[in-house]
Every structure is written in structure tokens, then in C-alpha cells.
Amino acid sequence: MSETDTILRIAAKGDGVTADGRHAAGAAPGDVLLPDGTLQPGPHRATPPCRHFARCGGCQLQHCDETALHDFVTDRVAHGAQGQGLTVGELLPTYLSPPQSRRRATLHGLRTHKFMLGFREGRSHRLVDIAECPVMRPELFAMVAPLRKLLGPMAGRNPVDVSLTLTDQGIDCLLTGIELDGLGPTEAVLDFSRDRGLARLTLDLGYGAETMWEPEPVTITLSGVPVPFPAAGFLQPTADGEAMLVEDAVEFLAGSKVVADLFAGMGTFAFALAPRANLVAVEAAREPHLACKLAAGRARLPVEAVHRDLFRNPLQPDELARFDAVLLDPPRAGAREQIATIAASSVERVAYVSCNPSSWARDAKTLVEAGFRLEKLRPVGQFRWSTHVELTSLFSR
């Protein structure tokens with residue numbers, strides 16, 4: 001075999017790539033692509049820890065060892081910067097979340113000849129009726145079989161979604177697509193919630209979430225501050241990954257006295273920064289905004305929660321002039337509109353947390369063209385064995 005037949009790296013969607021640019025599904029770095037299209041295993045191929053791998057769409061890289069996973073996450077972020085011609089001052093060590101650390105998951109259910117509950121196959125609506133999951137926290141996975149038994153008799157022909165999140169009080173469960181027809185099913189759901197010790201059970205019939213069971217108000221603790229948690233609210237996927245992101249944000253903005261936290265959510269970063277600075281936490285979604293506002297008031301922290309859509313109405317340069325620094329953690333689409341006004345402002349320090357290296361790189365280029373330097377960059381892999389990659393970054397001028 002020639003060197004051009006050896007898999008050198010994993011591409012963004014999980015395919016292996018040879019030196020001459022050929023793609024091979026299911027390949028790991030060091031594998032050899034044979035003339036018949038099959039793969040000769042190399043030194044970085046691992047035995048997948050899950051029986052559902054290659055069918056379940058949740059993981060794409062279980063066939064890769066720890067070194068290959070580390071390199072994939074690193075390369076996705078570094079290549080994103082290089083693709084926009086960006087110079088990185090310091091590439092910080094890559095962080096990977098361990099197995100069985102995912103504290104939130106959305107399962108899908110469907111009745112065929114039986115009721116199935118699990119994840120969809122890759123690029124398909126077909127379901128994998130999961131019997132194991134090395135990604136989810138054990139407490140969450142332990143709910144799968146009992147939920148399958150509970151929901152089976154209630155499910156119609158329409159799909160069902162089950163969102164599970166591990167909160168301070170236990171598991172928060174949101175059911176979508178289930179109609180409780182009569183007293184029997186309602187009592188069954190309430191009995192299940194009590195017997196399984198759920199923190200909350202919420203039903204959504206298409207008109208918004210309606211809480212059916214919540215013995216005490218559900219919270220999630222962010223940097224020591226208990227914050228009211230909306231049903232199926234957004235939360236960083238792993239507690240350890242969140243800690244890494246927060247640690248970087250605090251270090252990047254050390255010494256800043258007045259900070260704008262944009263796309264603030266419930267206050268993941270605001271509550272970590274507030275003991276050291278005055279914060280303005282801006283969020284468009286109503287429930288996370290209210291949760292942040294209430295928690296900040298109760299904790300008597302210097303956090304001003306502002307309800308504002310930063311896509312339609314970004315903070316303008318004159319508004320940004322009051323801040324020593326800006327932190328932003330936008331959705332996957334990035335923050336094109338807000339970045340443009342930051343670039344035109346007098347702000348001198350920006351901490352940018354992203355879940356999409358491509359949109360981040362586009363926004364980063366705008367900042368660099370405006371005179372910022374990309375001082376630090378850290379690749380983060382909270383979604384173990386998947387192609388989903390996150391990062392933290394620091395810009396200054």
C-alpha cells in the first residue's frame with residue numbers, strides 16, 4: 001500500500017481522509033484504505049463501547065481511540081481558525097468530557113409492533129431502541145426501561161419525545177406527544193413520578209409545557225447560585241465541560257470591572273463573573289431571562305438581567321462603550337450582527353464561547369479585521385464520540 005492510502009485525519013462529518021483527499025466512512029487515523037474499499041485497521045482504531053454504534057446517530061467516533069478523539073477535536077477548532085487566516089496566540093490544551101457524563105438527553109419514542117424508545121439512526125428518522133448508552137449519566141439511562149414500560153400503553157401512532165435533564169433535585173422529565181386520555185393514564189404518570197423520585201414531570205401537548213408533578217421548585221446550581229430551571233431548559237451537556245468553559249471565562253476576563261454577558265441564558269457565566277465584576281446579562285428567551293433575574297436578586301449579586309433579542313437588536317457601539325469586556329456564547333449560527341457592532345465599538349476584550357467552529361471562525365475574522373488579536377483558543381469536546389465540537393477564545397486589542 002502507498003502512503004496515499006493511509007487515513008491521515010477525521011473530517012468534520014466523521015469520515016476518514018487519505019493524503020490524496022479520498023473519504024472513507026468509519027475510518028480511524030492510521031487505517032489503510034484497500035483497493036476494494038475496505039479498511040485495514042491501524043493503531044488508533046478502538047473497539048466501540050456500545051452495541052448500537054454505527055446505527056445510532058448519537059455517536060460517530062466510537063471506533064477511534066483517545067488520541068484520535070483528542071486530535072479530531074483539536075483539529076476542528078484549529079483548522080477553523082486557519083481557514084479564515086487567523087493567527088492563534090496560544091492554543092490551550094484540548095478538553096474532553098469522559099464517558100457517562102452527559103446530563104441531558106432527548107429520546108424519541110414510536111409505536112410500531114412494539115413501543116421503541118431511543119435515538120434516531122444517523123441521517124434517518126428510524127429509531128434505535130437502545131439497550132445501553134455509554135454517553136448518558138447512569139441516572140438518566142436508568143430511566144429508559146421504566147419510561148418505555150410506562151409510555152408503551154399510552155402512545156398512539158405519532159412520535160413521542162422524552163427530554164431528560166439532571167437537576168439539583170433529580171431528573172426533570174418533559175413528555176411531548178403523549179395524551180393522557182382519562183383518569184387511569186393520569187394516575188399512572190403521577191404514580192411513576194412519585195415512585196421514581198422525579199424532580200418534575202411536564203407534559204407538552206403543543207400548547208406549551210404544563211407541569212404535572214413538582215414536589216419542590218426545580219433548580220440548577222450555577223457557580224454556587226441555585227437558579228430556577230425551566231422545563232427542558234438549555235444547560236451545558238456535561239457538568240465538567242461547563243466547569244471548563246466557566247474557568248476559562250473567569251481567567252480571560254480577570255480584572256474587568258463591568259462586563260456584558262451576551263446570549264446569557266440562565267447565567268452560566270454571569271454568576272461566575274459577578275463576584276468580581278458588575279454584569280449585564282442579556283438574553284432573548286423569556287424563561288431563561290426570568291430565571292437569571294430571579295436568581296441574581298435572591299443571591300444579591302451585581303447582575304442586571306436584560307430581555308433583548310441580540311439578532312434583531314444587537315447592542316450598539318455607544319451602548320458597549322460602558323463595558324470593559326464582553327462575553328458571548330451564541331447559538332450555532334454565531335453572532336454576526338452583534339460581532340459587527342462589537343468590532344465597531346471601543347471594547348478592548350472579548351471572550352467568545354462557541355459550539356460551532358465554523359460560525360465562530362467567521363465572527364473571529366471580523367474581530368481580527370477590526371484590530372483584535374486572537375490571544376487564546378481552547379478546543380472542548382463535551383459531546384464525546386460525536387462530531388460536535390465547542391471552544392473558548394479570548395480576543396483583545
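Computed from a predicted model, the values in this text were never measured in an experiment.
Of the inter-residue distances, the one linking Asp75 atom CG with Gln82 atom CD reads 8.5 Å to the nearest 0.5 angstrom. Taking CH2 of Trp360 as the start and CD1 of Ile339 as the end, the distance is 11.0 Å to the nearest 0.5 Å. Within the model, atoms CG of Asp309 and CD of Glu337 stand 9.0 Å from one another, a figure rounded to the nearest 0.5 Å. Distance check, rounded to the nearest 0.5 Å: CZ of Arg137 to CD1 of Ile171 gives 9.5 Å. The CZ atom of Phe72 lies 15.5 Å from the NE2 atom of His44; values are rounded to the nearest 0.5 Å. Here the CG atom belonging to Leu273 is positioned 7.0 Å from the CG atom belonging to Asp261, to the nearest 0.5 angstrom.
Here the closest non-hydrogen pair linking Gly80 and Ala361 is O-CB, 3.2 Å. Of all heavy-atom pairs between Pro357 and Leu391, the closest is CA-CD2, 4.0 Å. Closest heavy-atom contact between Met143 and Pro146: O-CD, 3.4 Å. Considering all non-hydrogen atoms of both residues, Val73 and Gly381 come closest at CG1-N, 4.0 Å. Residues Ala335 and Tyr352 share a closest heavy-atom pair of N-OH, 3.7 Å.
A donor-acceptor pair is defined here as one N or O able to donate and one able to accept, closer than 3.5 Å; no such pair exists between the side chain of Glu187 and the backbone of Asp191. Here the side chain of Thr268 pairs no donor or acceptor atom with the backbone of Ala264 at under 3.5 angstrom. At distances below 3.5 Å, not a single donor-acceptor pair connects side-chain atoms of Gln236 with backbone N or O atoms of Thr238. Gln316 places a side-chain N or O within donor-acceptor distance of the main-chain N or O of Pro314, the cut-off being under 3.5 Å. Panel note: side chain Thr392, backbone Asp248; no donor-acceptor pair is recorded below 3.5 Å. Although no hydrogens or angles enter the test, the distance criterion places no donor-acceptor pair under 3.5 Å between the side chain of Asp31 and the main chain of Leu39. Remark: the backbone N or O of Gly233 is not paired with any side-chain donor or acceptor of Glu287 at under 3.5 angstrom. When atom types are taken as modelled, the side chain of Gln62 and the backbone of Cys50 share a donor-acceptor pair closer than 3.5 angstrom. Using modelled atom types, one side-chain atom of Arg104 and one backbone atom of Leu235 make a donor-acceptor pair closer than 3.5 Å. The main-chain N or O of Gly122 is never found under 3.5 Å from a side-chain atom of Arg126 such that the two would form a donor-acceptor pair.
Residues Ile178 and Leu151 have side chains in contact (heavy-atom distance under 4.5 Å, counting atoms from C-beta outward). At least one side-chain heavy atom of Ile342 sits less than 4.5 Å from a side-chain heavy atom of Leu320. Two residues are said to be in side-chain contact when any heavy atoms from C-beta on lie closer than 4.5 Å; Leu374 and Ser393 meet this criterion. At least one side-chain heavy atom of Val347 sits under 4.5 Å from a side-chain heavy atom of Ser345. Side-chain atoms of Lys365 and Glu369, non-hydrogen and from C-beta on, do get closer than 4.5 Å to each other. By the 4.5 Å heavy-atom criterion applied to side chains, Glu216 and Gln169 are counted as neighbours. Here the side chains of Leu117 and Leu147 are in contact, with some heavy-atom distance below 4.5 Å. Side-chain contact check for Arg373 versus Val368: every heavy-atom pair is 4.5 Å or farther apart.
Under the 4.5 Å side-chain contact rule for hydrophobic residues, Leu164 and Leu198 share a cluster. Cluster membership for Val189 and Leu205, using ILVMFWY side-chain heavy atoms within less than 4.5 angstrom, is shared. Residue Leu328 is grouped with residue Leu86 when hydrophobic side chains (ILVMFWY) are merged at heavy-atom distances under 4.5 angstrom, including chains of intermediate members. Linking ILVMFWY side-chain heavy atoms closer than 4.5 Å, directly or via other members, places Val250 and Leu279 in a single hydrophobic cluster. Put simply, Leu110 and Met154 are part of two different groups of oily side chains (I, L, V, M, F, W, Y) that touch within less than 4.5 Å, one to the next.
Checked for salt-bridge contact, Arg378 and Glu90 miss the test: no charged N lies under 4.0 Å from a carboxylate O. With respect to the salt-bridge test (charged N to carboxylate O, under 4.0 angstrom), the residues Asp20 and Arg22 qualify. Using a cutoff of 4.0 Å between basic side-chain nitrogens and carboxylate oxygens, Lys376 and Glu251 are scored as salt-bridged.
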Note to self: Before you tell me yes or no, could you show the steps for Asp172 and Arg200 under salt bridge (charged side-chain N to carboxylate O under 4.0 Å, His left out), namely the whole-Å CA-CA distance, both residues' side-chain angles and the distance that decides it to 0.1 Å?
What the structure shows: CA-CA 5 Å; Asp172 179 26; Arg200 177 171 57 198; 2.9 Å; yes

Next item on the list: Show your reasoning for whether side chain to side chain contact (heavy atoms under 4.5 Å, CB included) applies to Thr18 and His23.
Entry: CA-CA 7 Å; Thr18 63; His23 285 234; over 6 Å; no

Item checked: Ser101/Asp240 under side chain to side chain contact (heavy atoms under 4.5 Å, CB included): CA gap, chis, key distance, verdict -> CA-CA 8 Å; Ser101 60; Asp240 60 279; 3.8 Å; yes

Next item on the list: Carefully, step by step, assess Thr219 and Asp168 under the rule side chain to side chain donor-acceptor pair (under 3.5 Å).
Entry: CA-CA 6 Å; Thr219 61; Asp168 295 339; 2.8 Å; yes

Next item on the list: For side chain to side chain contact (heavy atoms under 4.5 Å, CB included), just list the numbers for Val380 and Val389, CA-CA rounded to whole Å, side-chain angles, deciding distance to a tenth of an Å, and then say yes or no.
Entry: CA-CA 6 Å; Val380 177; Val389 174; over 6 Å; no

Checklist line | Stepwise side chain to side chain contact (heavy atoms under 4.5 Å, CB included) check, Val135 with Gln100 | finding: CA-CA 4 Å; Val135 171; Gln100 295 186 314; over 6 Å; no

Notebook entry, point to check: When you look at Ser354 and Asn356, which way does the side chain to side chain donor-acceptor pair (under 3.5 Å) test go after all the steps?
Noted result: CA-CA 6 Å; Ser354 173; Asn356 185 347; 5.9 Å; no

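Atom CZ of Arg298 is surrounded by 12 or fewer heavy atoms from other residues, nucleotides or ligands within 6.0 Å. Under a cut-off of 6.0 angstrom, the local environment of CD in Glu210 is sparse, with at most 12 non-hydrogen atoms contributed by other residues, nucleotides or ligands. Atom CD of Glu348 has 12 or fewer neighbouring heavy atoms from other residues, nucleotides or ligands inside a 6.0 Å radius. Asp181 CG: 12 or fewer foreign heavy atoms inside a 6.0 Å radius. With a 6.0 Å radius and a threshold of 12 heavy atoms from other residues, nucleotides or ligands, Arg308 has its CZ atom above the threshold. When the shell of 6.0 Å around CZ of Arg332 is examined, it contains more than 12 heavy atoms from other residues, nucleotides or ligands.
Arg286 and His307 share no side-chain donor-acceptor pair at under 3.5 Å. No side-chain N or O of His79 forms a donor-acceptor pair with one of Arg9 less than 3.5 Å apart. Residues Ser97 and Gln382 have side chains that never bring a donor and an acceptor to within less than 3.5 angstrom of each other. Looking only at atom types and distance, the side chain of Glu375 has a donor-acceptor partner in the side chain of Ser396 under 3.5 Å away.
For Phe53 and His63, the ring centers sit closer than 6.0 Å to each other. Aromatic rings from Phe234 and Phe263 are positioned such that their centres are separated by 6.0 Å or more.
By the 30° and 60° cut-offs, the orientation of the rings of Phe395 relative to Phe372 is perpendicular.
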